[in-house]
Amino acid sequence: MTVLNVSDLEVYYETETGPAQAVDGVSFSIEEGENLGIVGESGCGKTTLAKAIIGILPDAGYINNGSIEFKGEDLTELSEKQRRRYKWEEISMIAQSAMNALDPVYTIREQIVEAIETHRPGTGRVEANEIVQEMFELVGLDQKRADEYPHQFSGGMRQRAMIAMALALEPSLVLADEPTTALDVIMQDQILKRIGQIQKEINSSMMVITHDVSVVAETCDRVVVMYAGQIAEEGPVEEIFGKPYHPYTMGLKRAFPNIRESDQNLLSISGYPPELIDPPSGCRFAERCPLATEKCREIEPEAHYNNGLRSYCHYADAIDDGFRARADDPATWADTEAARAIRTMKEGTMMEGND
Amino acid sequence: MSLNDPVDDETLLEVRDLQKHFKVDEGLISSLLRAMTGSESDYVHAVDGVTFDLKRGETLGLAGESGCGKTTTGMSLVKLHEATDGSIRFRGTDLTDANEEEMVQFRQNAQMIFQDPFESLNPRMTVYDTIAEPLRIHDIRNETARVRRALEFAELQPPDQYFDQYPHELSGGQRQRVAIARALVLDPDFIVADEPVSMLDVSLRAGVLSLMERMTEEFDLSVVYISHDLSLLRHMCDRLAIMYMGKIVEKGPTEDVIEHPQHPYTRSLINAVPVPDPGVGRERVELAGEVGDAIDVPSGCRFHGRCSEYIGDICETEDPPLEAKADFDGSQKVACHLYEPAEGVDSTRVDDVTDTTAPDDSAASAND
């Protein structure tokens, strides 16, 4: 069963100079029990996407076009009041910073009980407390500490309390926005493992938003790679990390050191993502792409399908292992418009210096 | 010898039994009660006996969980914290009894790069003033030329364009580059970099890391990198020291420590690192619990409560010394009772030849 089906979604932010197209024509779906990873650099629209799905866009943000179907019902058609029914009970969110997401003046127990009572008005105190107990056990927190305040918890414990809260109502879809970014490796490992266990138990689907490709590689079934508000590539995790067809995916993959490799060349993709207020007409990655041609700068790429991957690149069908090997070499990435622009700028100053 | 004369292959920094304890804040009543009962006040043992050497041009990684004392160690190394005990010798001069002139020289030679470039730069200062400030403090001429060169090195090109900009006008990556330029403008020999890229976006990290690699090489710098990210440390460092609760538990060449970790804690730490390759399954042994109490420090080996290789009373009663061991081939030193100390502990090892303050004592106590 399809839990979530996002189709041609456009989310814009009102700014002084016109609307910023933070999410621009994004389509994907999540099946029951499936984990979908959303990766990309800051500002690519991944958090905006999650906020639009759960319905907590800031005032300046609005859905310009497209639909978000949750179990067959289009959430964008619903009124604020009708939507509230879905929030937390059907779709919940584990926020990036548990420090700010928990209320400092209530104990952890009070906060979870309140969430349960608000969404399930019939639930009695005793039952609600039982759920708290059960959830604390699942996330590996000592129940005796449920009556403490957030500041008495360490960062890892707070993040686990946050997970307990997000899962207390057994939602069908959990949106996890950088769930472990603020934590160290040991805590990250514990938490990812817990989320996986609980998810299996309540059979929920999850959307994991992160910039850390290794977290996605280990927790997700499928991955959406986003760039400048659009999907660059989407498909099964093995294919995305094994044989990608989009140059951006290849660059992103090599931007992180891997603990299993000794001498590795890290890639840096020169340049920055384009402005989203007036984005370029062609492929948005063209300026930073070693494969870019005139065509890329003018025509927006269509989806190309290879080995279960959906890749938005004009040359996806021509990409082979030869290019993938070349893409591992930082020198390849020195031959992009953005990299050349930086070099020209440097040469310019050197000449001035010689004067 | 002056602090400014470089010598090839010299040991730049000798850290011996470094300790930093913080007094726990207490209220009026508890301090009165304590005065009446005569009990001692509580201390957080953030760093509790750290010993290592750093050669010229060498990069050392300090790794460990949050709260293991790695940042406090780093800050004590550049004298942002005054150590409680132990000694730091820089080019042979003991910094604890250095005179004012020597301290000024040291401060010029030792710089720190912080985790968060949003907080480490003064929002009211332009890029030019930020970088020129250390030059003014140390009364160094050719200000403009030096600032320009530092910015060029940090790949902020063309430099004059950045002179009048304020931090809020720059991206995270550019800010961290300004912080690096400021650290380099005094032409230091020693840098402590505390999680230098963890606040930066993915696509910017590789650029800043390769800048730091170039910086180490071109300036022949000795760098201490502090991070919990072992993938990053493997990429950047010649040697690694793994810290747990204020102590180093394993130390040696990066390849040995990562490929053949010996201390049970190092193994769990490496095991917890996710791998960006869905094809590679990793063994997931969860390290239970959290770091122990840094005020009332566990007796014996501080890791004994979480250790999967616990071998008995000795783990709870005797603090294992960090020493070379006989039971494995790697050249790292390990603080763990699982292994027998190497014969004639260590004086023949290539790694850390000078790093043998108390090998005889430790070997003797282990043989008791």
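Letters A, B, ... mirror the listed sequences (proteins, then strands); counts begin at 1.
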Problem - B:Met199 backbone acceptor or donor facing B:Gln176 side chain under 3.5 Å - result: no

Exercise for the section: Might you work through the side-chain hydrogen bond (donor to acceptor under 3.5 Å, both in side chains) test for A:Thr219 and A:Asn35, ending with a clear yes or no? Expected result: CA-CA 7 Å; A:Thr219 54; A:Asn35 282 358; 5.5 Å; no

Handout entry: Atom group of B:Ser210 that falls short of 4.5 Å from chain A, counting heavy atoms
Key = neither

Problem - Proximal component of B:Ser171, with respect to chain A [non-hydrogen, under 4.5 Å] - result: side chain

Handout entry: chain B contact via A:Leu267 - which portion, at a heavy-atom distance below 4.5 Å
Key = backbone

Practice task
Pick whichever of B:Val197, B:Leu233, B:Leu269 has the most heavy-atom pairs under 4.5 Å with chain A.
Solution key: B:Leu269

Practice task
Could you have a look at A:Asp212, A:Ile240, A:Val185 and say which one has the most heavy-atom pairs with chain B under 4.5 angstrom?
Solution key: A:Val185

Completion exercise
Max heavy-atom pairs within cutoff under 4.5 Å with chain B, candidates A:Val215, A:Ile259, A:Ile269, goes to A:Ile259

Practice task
Check whether B:Leu209 gets within reach of chain A through its side chain, its backbone, both or neither, counting any heavy atom under 4.5 Å.
Solution key: side chain

Practice task
Please tell me if the side chains of B:His263 and B:Glu309 come closer than 4.5 Å, counting only heavy atoms from C-beta onward.
Solution key: no

Practice task
Answer yes or no: is there a side-chain heavy-atom contact under 4.5 Å between B:Phe114 and B:Glu119?
Solution key: no

Problem - chain A contact via B:Glu255 - side chain, backbone, both or neither, heavy atoms under 4.5 Å - result: side chain

Problem - B:Tyr265 vs B:Glu65, side-chain hydrogen bond (donor to acceptor under 3.5 Å, both in side chains): CA-CA, chis, key distance, verdict - result: CA-CA 10 Å; B:Tyr265 178 65; B:Glu65 275 168 282; 2.8 Å; yes

Exercise for the section: Cation-pi check, A:Arg324 to A:Tyr245: give yes when NZ or CZ is under 6.0 Å from the six-membered ring centre and within 45° of the ring axis, no otherwise. Expected result: yes

